[in-house]
Amino acid sequence: MALAFLSVVITGILKWPGLSRTVFYPVYNFISPRLMARIHDWSGLIMAFFVLVHLILNWVWIKSMVLCMFKKEKKCDVKNGKR
């Protein structure tokens, strides 16, 4: 997920209109704008997939912490996600 995030951020900055043809012009000698867009799009999809998996794997803890915050209970086990 971290690699996909970094890829999205880097290609997003490199694709930024105005910067892409001025500041980052040398990059476009090695990577075409079409390939950069393809890398950006696929990295975004991969990152979204891993975020979804991350949320599914941690759903019990997330649910427990949200309930703990709204019920304002003082006894919440932050490490295990139990009340």
Side-chain angles (χ1 to χ4, degrees):
M1 185 166 48
L3 291 175
F5 173 76
L6 287 175
S7 179
V8 169
V9 169
I10 291 169
T11 56
I13 291 170
L14 292 174
K15 286 178 52 171
W16 194 272
L19 290 179
S20 62
R21 296 292 178 205
T22 56
V23 177
F24 300 116
Y25 182 73
V27 173
Y28 284 92
N29 290 331
F30 299 106
I31 300 175
S32 70
R34 188 175 185 186
L35 177 60
M36 180 110 35
R38 186 173 286 172
I39 293 170
H40 183 75
D41 294 345
W42 278 103
S43 297
L45 289 172
I46 291 168
M47 184 175 68
F49 171 75
F50 281 120
V51 166
L52 182 63
V53 169
H54 178 76
L55 289 174
I56 290 169
L57 292 174
N58 292 294
W59 183 249
V60 173
W61 182 84
I62 293 168
K63 182 179 167 186
S64 175
M65 290 298 110
V66 169
L67 289 174
C68 186
M69 285 188 331
F70 287 122
K71 290 185 178 182
K72 297 183 180 180
E73 293 181 11
K74 298 296 180 186
K75 296 180 181 178
C76 293
D77 187 1
V78 177
K79 288 184 180 180
N80 299 318
K82 296 179 182 175
R83 292 185 279 150

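Residues F50 and M1 come closest through the heavy atom pair CB-CB, 3.7 Å.
Without hydrogens or angle criteria, S7 side chain to L3 main chain gives no donor-acceptor distance under 3.5 Å. Checked by atom type and distance alone, the side chain of S43 pairs as donor or acceptor with a backbone atom of I39 at under 3.5 Å.
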Tell me, with the steps shown, if W61 and M65 meet side-chain contact (heavy atoms from CB on, under 4.5 Å). CA-CA 6 Å; W61 182 84; M65 290 298 110; 3.5 Å; yes
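Judged as a side-chain hydrogen bond (donor to acceptor under 3.5 Å, both in side chains), and not counting sequence neighbours, the contacts of N58 are H54. With sequence neighbours left out, F49 forms a side-chain contact (heavy atoms from CB on, under 4.5 Å) with V53. Applying the side-chain contact (heavy atoms from CB on, under 4.5 Å) rule to L55 yields the partners V51, I62; only residues at least two apart in sequence or on another chain are considered. Taking the side-chain contact (heavy atoms from CB on, under 4.5 Å) definition, one finds that I31 meets it with L35, M36, sequence neighbours left out. When the side-chain contact (heavy atoms from CB on, under 4.5 Å) test is applied to L45, the partners found at least two apart in sequence or on another chain are W42.
Taking CZ of R38 as the start and OG1 of T11 as the end, the distance is 13.5 Å to the nearest 0.5 Å. Between the CG atom of D41 and the CD1 atom of I46 there is a distance of 11.0 Å, given to the nearest 0.5 Å.
If you chain together hydrophobic residues whose side chains sit under 4.5 Å apart, L57 and V66 fall into the same group.
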